[in-house]
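Every chain is numbered from 1 and lettered A, B, ... according to where its sequence line falls, protein lines coming before strand lines.
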Amino acid sequence: MSTSALPKQYDPSEVEPRWRRFWLENGFFHADEASPTVPYAITLPPPNVTGSLHVGHSLGFTLQDILIRWKRMAGFNAMWMPGIDHASIAVHVLLEKDLKRRENRTRFDLGRDEFMRQAWAWKERSGNRISEQEKLMGFSLDWPRERFTMDERSNRAVVEAFVRLYEEGLIFRAKRMINWDPVSETVVSDLEVDTAEEDGSLWEIKYPLSEGGGEIIVATTRPETMLGDTAVAVNASDPRYLHLHGKTVELPLTGRRVPIVPIELVRDGKPWPDPEFGSGAVKITPAHDPSDYEVSQIAKLEILQVIDTRGRMCAPAPAQYVGMTVDEARKAVVADLEAAGALGEIKKYKVPRGRSQRSGAVIEPMLMEQWWVKAAPLAEKAIAAVEQGKTKFVPEMHTKVFMHWMTNIKDWCISRQLWWGHRIPAWHCACGEIIVAREAPTTCPKCAGGALTQDEDILDTWFSSGLWPFSTLGWPEKTRELAAFYPNNVLVTGPDIIFFWVARMMMLGIHFMGKVPFRTVYLTSLVTDENGDKMSKTKGNVIDPLDVIHGATIDQLLERIDIEKPPVDLDKLKGAVKKNFGKGVPAMGADALRFAMAALNTTGRIRLSIDRVEKYRNFINKLWNASRFALMNLDGYDPERFEAQLSAPGGRAALAMPERWILSRLQAVIGDVDAALDSYRFADAASAIFHFVWDELCDWYIEVAKPHLYMSPEVEQDAARNARRHVVQGVLATALETTMRLMHPFSPFVTEEIWQKLPKPSQLPSSLMVTVFPRGDASWVDAGAEAEMKLLQDTAVACRMLKQTYGVSPAQPIAVELRVASAAPRQIIEKGLAIIERAAKVEATLAGAAAGPAPADAAKAVVGADVEVVMPLGGLIDFAAEKTRIGKDITKADKEIAGLEKKLGNADFLARAPEDVVAEQRARLGEEQARRQRLVDALATLSASAGGAA
RNA sequence: GGGCGAAUAGCUCAGCGGAAGAGCGUCGCCCUUACAAGGCGGUGGUCGCAGGUUCGAACCCUGCUUCGCCCACCA
């Protein structure tokens with residue numbers, strides 16, 4: 001091996017593909033369900049087949065891979081279940097938009113069979129792309145198990161679940177008010193509707209009384225629905241309308257006569273109809289308004305549907321409006337009302353308007369027969385499970401959100417009038433009978449007729465998703481996979497799908513499996529752009545994980561816009577992209593992106609920017625170079641010999657302080673990482689590694705080790721120095737090797753690459769990913785070594801500071817005198833003199849115990865309570881500046897001392913605070929006073945000669 | 001209208017009862033043979049406001065202000 005061939009800069013594009021291939025070829029990602037080891041299972045939230053992976057996926061998936069790789073290394077039978085979701089409505093929207101744009105046709109022009117053919121073709125292309133991206137990120141998914149929500153086995157599970165729920169009375173058909181998407185022409189569930197306030201108007205319409213003698217005024221935000229009015233409601237206690245109860249009005253434009261009905265409801269603690277609002281009279285359109293429908297049920301009103309499934313007016317609306325869109329009809333109705341003198345005041349008004357999350361279409365409330373899941377009994381068990389702690393949410397605050405929704409759950413409308421999805425296993429007979437069955441029936445059990453047609457509708461995508469944690473493991477068969485991997489240990493997903501998905505898995509999992517689907521639900525942060533705005537292709541602020549990995553020039557980013565042609569102003573979008581990514585995206589590699597994801601995943605949201613990922617790219621490079629340095633200096637190192645040396649009696653104690661120090665720090669970081677991962681504090685784990693590697697291993701240990709590692713003819717002939725060199729080599733190699741194992745779950749590629757190159761005992765596995773995760777060993781913790789090292793570091797820093805302050809070039813050695821009062825620290829400094837000299841580039845002498853006063857023309861700094869750094873400067877010294885600097889330090893010490901004295905002078909504090917706290921404060925006061933005294937002395941020597949000089 | 005969360009250095013965020021921290025930025029000095037994707041040093045904060053609890057509060061409690069997010073069929 002030629003270590004000098006290692007490049008100065010880490011090149012992920014060269015390294016990553018090699019290890020990706022190696023891991024896959026060796027089947028390291030695959031878990032055997034028959035393994036006797038303890039299982040640890042996670043099911044990947046299956047990405048929608050519509051897209052490619054976005055940065056939100058990279059976050060959630062990275063965290064899962066960290067857990068899986070960690071547990072795998074810790075000896076668990078770790079299984080990570082991959083899969084893809086068919087995403088029925090999303091696919092419809094995508095394909096139908098494309099069809100419209102390219103051929104100006106609808107799915108109905110194409111026909112069900114042809115549409116399905118195209119959808120499957122799309123699935124093949126897109127599904128593969130997603131898997132490729134997952135592999136690119138290094139995700140250790142159990143590929144042979146990969147599933148699709150519409151594959152053979154999933155279909156079977158869906159049919160089985162549907163039939164059982166139907167037989168148990170938990171699935172039923174009912175005519176209820178639903179949300180209709182007139183663009184996609186399907187019902188959508190409440191969750192798929194986004195309500196937002198939009199600008200609109202409040203129109204007053206005058207309805208003349210049939211008997212003459214006046215009119216009643218109603219207010220509405222949707223005048224066109226008056227064509228379907230079947231009543232006017234007034235509050236039963238409203239004295240203004242008592243005389244009109246049971247009377248009728250002539251409904252303008254329609255020639256119909258509708259009753260005035262008294263009614264009295266309470267909504268949100270307010271009477272309804274509210275006499276205070278408008279005229280206090282409400283027009284009632286039962287077929288197109290949920291609230292009006294409720295009234296119609298109470299008052300037994302006629303229901304007239306005047307809007308059809310394409311969002312156009314239909315009979316029994318008067319012929320002149322039939323065929324108009326809702327918007328057209330609104331204009332026409334308003335104009336006609338005005339012409340008829342039936343229009344009152346018009347006010348600007350904020351109207352809450354529901355839109356389909358997927359298609360963006362304005363939702364029409366409609367009365368239709370659909371398939372429903374009776375949710376309450378299922379929710380009850382899920383609530384109990386969470387209350388009993390069988391599943392817990394992390395962060396914990398999400399529990400409330402989940403529980404609130406669950407306790408107020410409404411029945412779940414599961415039928416969709418789409419094609420791409422699971423066809424409902426129900427058959428309709430001409431006699432009206434409905435047969436729900438696992439296999440297509442041939443005759444009707446009621447009338448014996450054979451004219452059966454399968455229900456045209458498909459199921460809500462989330463129905464199959466709700467079965468996913470067990471359908472992927474072979475359910476309804478009783479498989480070994482289910483026995484081993486159900487329940488999963490954790491579900492990691494975004495908080496945006498708690499209701500859509502987590503809730504449904506909980507309900508269906510408990511119902512069918514008798515056990516919760518996962519022990520823990522970990523909800524990730526939300527990834528936004530650096531301004532906190534949601535990333536969106538039409539805003540030009542999207543960071544594509546592939547670009548982060550491979551890099552992309554600004555031209556490539558702009559070119560992509562031309563190819564994709566989003567439905568917005570292209571020039572504006574390009575401007576935004578140029579503004580956001582003017583310099584393009586440098587290639588960071590998957591490891592940097594992964595590490596960034598873990599490190600930035602604090603609560604709330606991640607404001608992601610290229611710069612932030614860059615910081616971790618730099619970190620990966622730092623790690624690479626530290627390893628490169630080690631490899632350049634590990635010649636002659638024998639891992640077996642080192643291990644024997646360490647395990648020999650007294651072997652550890654024989655280590656020098658810096659070696660004991662770094663191994664102690666290594667122990668600390670192992671403990672921190674393990675504890676952090678255990679409680680899903682990914683950012684803490686990443687930060688512990690980051691600081692250990694950079695601030696301790698690289699900045700200090702490697703620097704301290706250098707003189708012992710460099711080979712020279714003298715070292716070669718000096719047995720003691722040779723032995724020392726070998727020990728330092730061993731400690732450095734061990735620290736690095738352990739760090740690779742510790743960091744592997746976060747950044748698998750670079751750690752594998754380095755680990756493979758490091759010299760290590762020969763009987764280890766062929767890949768880092770199947771070695772053992774570092775285990776904490778408290779016996780390595782060495783508080784003494786840590787304290788010693790700290791003193792040396794602080795002293796070196798003080799020397800650097802003085803040099804810097806006086807403009808001494810960092811490279812120029814300068815003499816300093818270290819004055820140490822007490823014996824213990826004096827010994828430490830004495831032993832560590834060479835370390836200080838090297839770290840600060842000074843020539844240090846330790847002043848004798850009986851040294852006289854420090855020279856006046858010297859800069860001085862006090863380290864802690866014990867060490868004074870004196871740097872003679874001769875004519876260079878700036879007395880005034882020096883006095884100011886030391887004066888500032890004294891002020892600081894004074895403040896500190898005053899605070900401590902006040903505290904310690906407080907009888908209550910002495911009486912009530914714990915003893916160790918009091919002792920600690922006392923010790924601090926002592927130190928601070930000693931320190932102050934040294935500062936004052938230093939200032940005094942300056943003052944002695946400063947008078948004339950300044 | 002309800003619920004949840006957040007407010008700490010110029011920016012992004014940790015810390016959540018006993019000495020105010022990190023990264024980025026900024027200002028300096030260094031191409032020191034692992035790394036300029038680097039090294040070194042400095043600057044920078046009455047921890048949103050007002051009360052309370054406590055020997056002690058950035059941290060716990062109450063109220064307020066300002067921002068987020070989620071839920072909700074009011075004409």
Below the 4.0 Å mark, does [N] have OP1 or OP2 next to a side-chain nitrogen or oxygen of [X]?
{"X": "A:T602", "N": "B:rA14", "result": "yes"}
{"X": "A:R607", "N": "B:rU12", "result": "yes"}
{"X": "A:K706", "N": "B:rU33", "result": "no"}
{"X": "A:K8", "N": "B:rC31", "result": "no"}
{"X": "A:Y806", "N": "B:rG28", "result": "no"}
{"X": "A:W694", "N": "B:rG39", "result": "yes"}

Answer with base, sugar-phosphate or nothing: what part of the nucleic acid does [X] contact at a heavy-atom distance below 4.0 Å?
{"X": "A:R924", "value": "base"}
{"X": "A:K410", "value": "sugar-phosphate"}
{"X": "A:A913", "value": "base"}
{"X": "A:T220", "value": "sugar-phosphate"}
{"X": "A:H691", "value": "sugar-phosphate"}
{"X": "A:Y293", "value": "nothing"}
{"X": "A:D699", "value": "sugar-phosphate"}
{"X": "A:Y349", "value": "sugar-phosphate"}
{"X": "A:V808", "value": "nothing"}
{"X": "A:E614", "value": "nothing"}
{"X": "A:Y710", "value": "sugar-phosphate"}
{"X": "A:P495", "value": "nothing"}
{"X": "A:N621", "value": "base"}
{"X": "A:E703", "value": "base"}

- Gap between atom CG of A:L758 and atom CG of A:L732 - 0.5 Å precision: 8.5 Å
Would you mind telling me which of [options] lies closest to the side-chain atoms of [X]?
{"X": "A:R605", "options": "B:rG18, B:rG68, B:rA22", "answer": "B:rG68"}
{"X": "A:Q9", "options": "B:rA34, B:rA37, B:rU12", "answer": "B:rA37"}
{"X": "A:K903", "options": "B:rG18, B:rA14, B:rC70", "answer": "B:rG18"}
{"X": "A:V797", "options": "B:rC70, B:rG41, B:rA34", "answer": "B:rG41"}
{"X": "A:P810", "options": "B:rC29, B:rC70, B:rA34", "answer": "B:rC29"}
{"X": "A:Q921", "options": "B:rA34, B:rA19, B:rG23", "answer": "B:rA19"}
{"X": "A:Q804", "options": "B:rC29, B:rC74, B:rA14", "answer": "B:rC29"}

Would [X] and [Y] count as having a side-chain donor-acceptor pair, cut-off 3.5 Å?
{"X": "A:N179", "Y": "A:D190", "result": "yes"}
{"X": "A:E294", "Y": "A:S291", "result": "no"}
{"X": "A:E882", "Y": "A:Y806", "result": "yes"}
{"X": "A:T285", "Y": "A:K283", "result": "yes"}

What interatomic distance, in whole Å, is found between [atom1] of [M] and the corresponding atom of [N]?
{"N": "B:rG5", "M": "B:rG25", "atom1": "C1'", "answer": "28 Å"}
{"N": "B:rC60", "M": "B:rU54", "atom1": "C1'", "answer": "9 Å"}
{"N": "B:rU12", "M": "B:rA72", "atom1": "C1'", "answer": "34 Å"}
{"N": "B:rC16", "M": "B:rG10", "atom1": "P", "answer": "23 Å"}
{"N": "B:rA37", "M": "B:rC61", "atom1": "P", "answer": "47 Å"}
{"N": "B:rU26", "M": "B:rU66", "atom1": "P", "answer": "34 Å"}
{"N": "B:rG21", "M": "B:rA9", "atom1": "C1'", "answer": "10 Å"}
{"N": "B:rG39", "M": "B:rU53", "atom1": "C1'", "answer": "49 Å"}

- Flag this pair as yes if the NZ/CZ of A:K706 is under 6.0 angstrom from the six-membered ring centre of A:F629 and inside a 45 degree cone about the axis; otherwise no. yes
- Establish, yes or no, whether the cationic atom of A:K615 lies under 6.0 Å from the six-membered ring centre of A:F690 and within 45° of the ring axis. yes
- Look at the side chain of A:K400 against the base of B:rC4 and say whether a donor-acceptor pair falls under 3.5 Å; ignore hydrogens and angles. no
- Report yes or no: does A:S809 contribute a side-chain atom to a donor-acceptor pair with the main-chain N or O of A:A811 at less than 3.5 Å? yes
- What is the base-pairing partner of B:rA9, counting Watson-Crick and G-U wobble geometry with both distances under 3.5 Å? none
